[in-house]
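Comments concern the structure below.
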Amino acid sequence: MKQSSIIESLRQDNEDGLVAIYQLYNRPLIFFARKYCASLQEAEEVVSEAFLKFWERRSQFEQLDKIRSFLYVVVKNLCLNLNRKSRFIVQIDDISDYEEVLLEDTDFLMQIVRTELLDQIHQEVNLLPEKQKMIFEMSFMEDLTIEQISAKLLMTPNAVYANKSRALATLRQKLDLKNSCVFLLILKDLL
């Protein structure tokens, strides 16, 4: 669905527009929320709530970039509220201010870039051999150590490490990341 038809669908209260937005941003938002949430389920709930907030204000958006900005800011605020880590949550009334908030907060912007890269990585992870995929997901999604994965899968730590290394090498090649330092920075939480 093209950007103009998505926006038009939203203005006409057509749920196809919401479905298109959901397909575009759900997975990256979950990866993003996962940074702040204690569990995948919590991250999914936060993202669902963000989509509800978006649907309530759907007629106010004229561009996909503004929708994206809105969703990321709402997810971050919901996560912070959930975890009560921050006393100050940015309250924004005007939709156009969401983009400004993103541009002002470079750390937040870097997290969004990282989240979208992780979404691309996730798509490639789904193409990995089953064992590598399972180990990669346990390491990233569940934050398990090699020893914990080894105990869970009844494999030696060396076998887990080898599968994880093969998965990372395959991803590096598939994503055409020539500089392995950049790749390692993107995946720093995985190692």
Side-chain angles (χ1 to χ4, degrees), residues 1-3 5-7 9-11 13-126 136-144 171 175 185-190:
M1 194 177 236
K2 293 181 180 177
Q3 177 176 342
S5 55
I6 292 173
I7 299 299
S9 281
L10 293 170
R11 288 203 174 133
D13 296 334
N14 184 335
E15 291 181 9
D16 290 343
L18 177 62
V19 169
I21 296 297
Y22 179 86
Q23 290 173 340
L24 279 172
Y25 299 118
N26 183 58
R27 191 178 309 149
L29 287 168
I30 289 173
F31 279 126
F32 179 71
R34 189 69 179 96
K35 254 329 220 187
Y36 297 95
C37 294
S39 69
L40 178 60
Q41 180 181 356
E42 210 173 68
E44 289 170 343
E45 289 170 7
V46 163
V47 170
S48 293
E49 189 174 338
F51 277 108
L52 288 174
K53 288 181 181 294
F54 160 71
W55 184 249
E56 292 168 358
R57 299 175 94 172
R58 66 192 170 276
S59 63
Q60 298 176 11
F61 295 96
E62 297 174 7
Q63 298 175 340
L64 285 180
D65 288 343
K66 298 214 183 276
I67 294 170
R68 179 175 157 257
S69 299
F70 175 84
L71 287 169
Y72 276 102
V73 171
V74 169
V75 166
K76 182 178 180 184
N77 284 341
L78 289 170
C79 289
L80 292 174
N81 283 340
L82 182 68
N83 293 322
R84 302 191 190 285
K85 288 183 180 175
S86 174
R87 291 184 191 168
F88 176 73
I89 303 298
V90 179
Q91 295 297 323
I92 302 172
D93 296 323
D94 185 6
I95 295 298
S96 63
D97 291 341
Y98 281 87
E99 201 165 4
E100 289 177 32
V101 168
L102 283 178
L103 294 175
E104 289 171 4
D105 188 349
T106 56
D107 183 48
F108 186 43
L109 199 53
M110 288 305 293
Q111 288 177 0
I112 291 171
V113 169
R114 182 178 178 276
T115 296
E116 291 178 355
L117 284 170
L118 285 173
D119 183 48
Q120 290 177 353
I121 291 167
H122 182 70
Q123 291 173 21
E124 290 298 329
V125 166
N126 286 330
F136 188 90
E137 287 176 347
M138 291 172 100
S139 179
F140 176 69
M141 297 303 286
E142 298 176 35
D143 292 326
L144 297 178
L171 292 174
L175 296 169
L185 283 174
I186 293 167
L187 297 175
K188 70 180 180 180
D189 294 333
L190 301 177

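Given the structure is predicted, the values throughout are model-derived calculations rather than measurements.
- The closest side-chain heavy-atom distance from Ile7 to Lys66 is not below 4.5 Å.
- Heavy atoms only, all atoms of each residue included: Val75 and Val46 are closest at O-CG1, 3.8 Å.
- When atom types are taken as modelled, the side chain of Arg34 and the backbone of Phe31 share no donor-acceptor pair closer than 3.5 angstrom.
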Derivation of the side-chain contact (heavy atoms from CB on, under 4.5 Å) call for Glu137 and Asn126
CA-CA 10 Å; Glu137 287 176 347; Asn126 286 330; 3.9 Å; yes

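- Aromatic ring centroids of Phe61 and Phe54 lie under 6.0 Å apart.
- Shown here for Ser39 and Glu42, the closest heavy-atom pair between the two residues is OG-N, 3.1 Å.
- In this structure, Phe70 and Arg57 have side chains that are in contact, with non-hydrogen atoms separated by less than 4.5 Å.
- Taking CZ from Arg27 and OH from Tyr22, the interatomic distance works out to 9.5 Å, rounded to the nearest 0.5 Å.
- Listed here is the closest heavy atom pair of Leu10 and Ile67: CD1-CD1, 3.8 Å.
- Ala33 and Ala43 make their closest contact through CB-CB, 3.8 Å (heavy atoms, listed as atom of the first residue, atom of the second, distance).
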For a side-chain contact (heavy atoms from CB on, under 4.5 Å) check, start with the C-alpha distance between Lys35 and Lys76, then their side-chain angles and the critical distance, and finish with the verdict.
CA-CA 10 Å; Lys35 254 329 220 187; Lys76 182 178 180 184; over 6 Å; no

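- Glu49 approaches Leu78 most closely through the heavy-atom pair OE2-CD2, 3.4 Å.
- Contact record, Leu71 with Ala50: CD2-O, 3.8 Å, taken as the closest heavy-atom pair.
- Put simply, the side chain of Phe32 does not reach to within 4.5 Å of the side chain of Cys79, judged on heavy atoms.
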